[in-house]
Amino acid sequence: MAQILAPSAQWQMRIAKNSTDASPLTSKMWSSLVLKQNKKGAVKTSAKFKVLAVQSENGTINRMEQMLNLDVSPITDKIIAEYIWIGGSGIDLRSKSRTISKPVEHPSELPKWNYDGSSTGQAPGEDSEVILYPQAIFKDPFRGGNNILVICDTYTPQGEPIPTNKRYRAAQVFSDPNVVAEVPWYGIEQEYTLLQTNVKWPLGWPTGGYPGPQGPYYCGVGADKSFGRDISDAHYKACLYAGINISGTNGEVMPGQWEFQVGPSVGIEAGDHIWCARYLLERITEQAGVVLSLDPKPIEGDWNGAGCHTNYSTKSMREEGGFEVIKKAILNLSLRHRDHISAYGEGNERRLTGKHETASIDTFSWGVANRGCSIRVGRDTEKNGKGMPRPSQLFHYNNIPTVISMVKAGTVADTDNDFCCRLFGRQAPASNMDPYVVTSLLAETTLLWEPTLEAEALAAQKLALKV
């Protein structure tokens, strides 16, 4: 899908300093979502969207909005930090706010905090305290100023990661010297579906009914083809303000479904950025009165599902001889296919049917420019025998909850975002996958795990790969 240039020089552990003059999201930015009063001052309602602010007859903004947009920086150096963590389901996001005495630039400057884990399904009632460790910070597009969003992971009071803390294991993988030396790049394509609040039916669809068949909606323009563009655009700007390495957005094949792309990101940064981007999307849909769904197959039948395609490359794949490195990675992935599938999100079996641009969940395959394979290799990559760090792809992995694309050579527009980091791509990951799990598992399988020579030979013969 959209173009990605290259990983930022700064890794996302520090706030970008060039965005301090930007304005936070306010209700004025939602002009197309907010309904004005009629002449008598009564507020009109909408089945699709909430009224975000009420205006009086003389056009002044109400006191509530004045308080929400109040700039406290002339009065105090204190800031608000919104601590964000992943809840007990492994996909739900939680957050709460605290005051920090002065602006900060690095998570190490922030205190640890705690919450009631028995209320999130992460601890028993008799020992409910869970500790939050700040790990990455982003600028807060809702409050503006020096206020921040803080991505945290979760531990027991004794300092042990709790079972739902997938970031801890990912950080171990990405700190391994063999992984660090390969500078793994990720470009993640997050698909999602917007649902009407009361009926949980896709935005723009007739209640209980269906729109016309798929075809005109992908990247479509017009009131009868595009539903929820304001939400997508607001999210795009919020991500840019926050410092998330978002690279593009587009409408998807199923009406009411959208996608945004993040990357290239290096190592653990990929997971931090996707989780923060998801948090922003949850907050924006909350304001718009629309429900966000990451279900991999929200509507049964002849409708596309939602994935989280993950594009991936390593330093060796981006150098001369990189295609041989990619083929070795394909072999390793084929031998751990079931391990990867089981880690690619809940309900993915409803999506990976071999139809609607997916490979079968039970079969591993690879091919050149074949969208129905588990891994898709770009034409130019095959031709040149290597890849280059520019918008292109080496191969794409179709039957994973996320698409992992390692880009090395050529310009292959195989997805909405033509990631420059794409050497090969995995499309199997579901839209609800955990990016910490998927990105670290890719690195572990391709950089740290070694199969037996016998298993490798059998896999190479089966896949018709000469390595």
Side-chain angles (χ1 to χ4, degrees), residues 8 10-26 64-87 92-117 119-120 122-123 128-157 159 161-162 164-165 167-168 171 235 237-246 268-269 271-284 286-287 436:
S8 59
Q10 280 187 319
W11 285 26
Q12 174 49 44
M13 285 296 169
R14 187 174 298 273
I15 293 182
K17 294 182 178 180
N18 60 355
S19 57
T20 56
D21 295 331
S23 299
L25 287 178
T26 69
M64 175 72 77
E65 189 177 11
Q66 286 181 346
M67 292 299 102
L68 288 173
N69 296 332
L70 188 64
D71 180 13
V72 301
S73 58
I75 309 301
T76 179
D77 290 333
K78 294 179 180 180
I79 65 167
I80 301 172
E82 189 77 18
Y83 279 46
I84 302 165
W85 70 96
I86 300 163
D92 61 311
L93 284 163
R94 310 288 180 124
S95 74
K96 60 177 184 173
S97 311
R98 69 176 296 166
T99 302
I100 304 298
S101 61
K102 63 180 181 179
V104 299
E105 292 187 350
H106 195 275
S108 62
E109 302 174 61
L110 293 166
K112 295 175 185 176
W113 205 8
N114 62 69
Y115 67 93
D116 172 19
S119 296
T120 62
Q122 293 171 293
S128 64
E129 190 171 278
V130 179
I131 311 301
L132 294 168
Y133 286 30
Q135 298 293 357
I137 56 178
F138 299 84
K139 291 186 67 63
D140 187 339
F142 303 105
R143 296 186 174 111
N146 291 318
N147 301 301
I148 56 174
L149 307 175
V150 185
I151 297 296
C152 303
D153 59 356
T154 46
Y155 296 81
T156 67
I162 67 173
T164 53
N165 182 355
R167 191 186 191 279
Y168 177 80
H235 177 251
K237 290 183 178 180
C239 286
L240 289 173
Y241 180 97
I244 292 169
N245 193 21
I246 188 169
I268 197 73
E269 173 188 273
D272 290 338
H273 281 232
I274 283 291
W275 276 115
C276 191
R278 285 176 175 178
Y279 173 81
L280 294 180
L281 188 55
E282 287 277 17
R283 288 284 304 276
I284 288 169
E286 172 190 316
Q287 290 185 3
Y436 293 134

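We use all heavy atoms of the structure for the numbers below, so side chains are in, but hydrogens, waters and symmetry mates are not. Because the structure is predicted, anything quoted here is derived from the model rather than measured.
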Any chance you could measure [X], atom [atom1], to [Y], atom [atom2], to the nearest 0.5 Å?
X: Thr76; Y: Lys102; atom1: OG1; atom2: NZ; answer: 13.0 Å
X: Glu82; Y: Ile151; atom1: CD; atom2: CD1; answer: 10.5 Å
X: Leu93; Y: Thr120; atom1: CG; atom2: OG1; answer: 12.0 Å
X: Leu70; Y: Met67; atom1: CG; atom2: CE; answer: 5.0 Å

Over all atoms of both residues, closest heavy-atom pair of [X] and [Y]:
X: Ala238; Y: Ile284; value: CB-CD1, 3.9 Å
X: Ala277; Y: Ile244; value: N-CD1, 3.6 Å
X: Ile84; Y: Leu149; value: CD1-CB, 3.9 Å
X: Tyr168; Y: Pro161; value: CD2-CG, 3.5 Å
X: Thr156; Y: Ile131; value: O-CG1, 3.8 Å
X: His273; Y: Asn245; value: ND1-N, 3.0 Å

Using modelled atom types only, decide if a donor and an acceptor are shared between the side chain of [X] and the backbone of [Y] within a distance under 3.5 Å.
X: Glu109; Y: Glu105; result: yes
X: Lys139; Y: Gly145; result: yes
X: Asn147; Y: Gly144; result: yes
X: Gln122; Y: Ile86; result: yes
X: Asn165; Y: Thr154; result: yes

### Message
Using the rule given for side-chain contact (heavy atoms from CB on, under 4.5 Å), can you reason through Ile162 versus Val130, listing the C-alpha separation, both sets of side-chain angles and the distance that settles it, and then say yes or no?
### Response
CA-CA 8 Å; Ile162 67 173; Val130 179; 4.1 Å; yes
Classify the side-chain pair [X]/[Y] by whether it contains a donor and acceptor separated by less than 3.5 Å.
X: Glu129; Y: Tyr115; result: no
X: Arg143; Y: Ser97; result: yes
X: Asp272; Y: Tyr436; result: yes

### Task
Test Leu110 against Ile148 for side-chain contact (heavy atoms from CB on, under 4.5 Å), laying out the working first.
CA-CA 11 Å; Leu110 293 166; Ile148 56 174; 4.1 Å; yes
### Query
Can Tyr133 and Cys152 be said to form a side-chain contact (heavy atoms from CB on, under 4.5 Å), step by step?
CA-CA 5 Å; Tyr133 286 30; Cys152 303; 5.8 Å; no
### Task
Verify the neighbour count for atom NZ of Lys78: are there more than 12 heavy atoms of other residues, nucleotides or ligands below 6.0 Å?
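No, because the 6.0 Å sphere around NZ of Lys78 holds 12 heavy atoms or fewer from other groups.
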#### Entry: Validation row: Glu282, Tyr279 side chains within 4.5 angstrom (heavy atoms)
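No. Closest side-chain heavy atoms not under 4.5 Å.
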### Query
With a 4.5 Å heavy-atom cut-off, do Phe142 and Gln287 have their side chains touching?
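Side chain of Phe142 against side chain of Gln287, heavy atoms only: contact under 4.5 Å found.
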### Task
Decide side-chain contact (heavy atoms from CB on, under 4.5 Å) for Ile100 and Val104; before the verdict, give the C-alpha distance in whole Å, the side-chain angles of both, and the deciding distance to 0.1 Å.
CA-CA 9 Å; Ile100 304 298; Val104 299; 4.2 Å; yes
### Query
Among Trp85, Tyr155, Tyr83, which one satisfies ring-ring contact (aromatic ring centres under 6.0 Å, His included) with Trp113?
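Only one option passes, and that is Tyr83.
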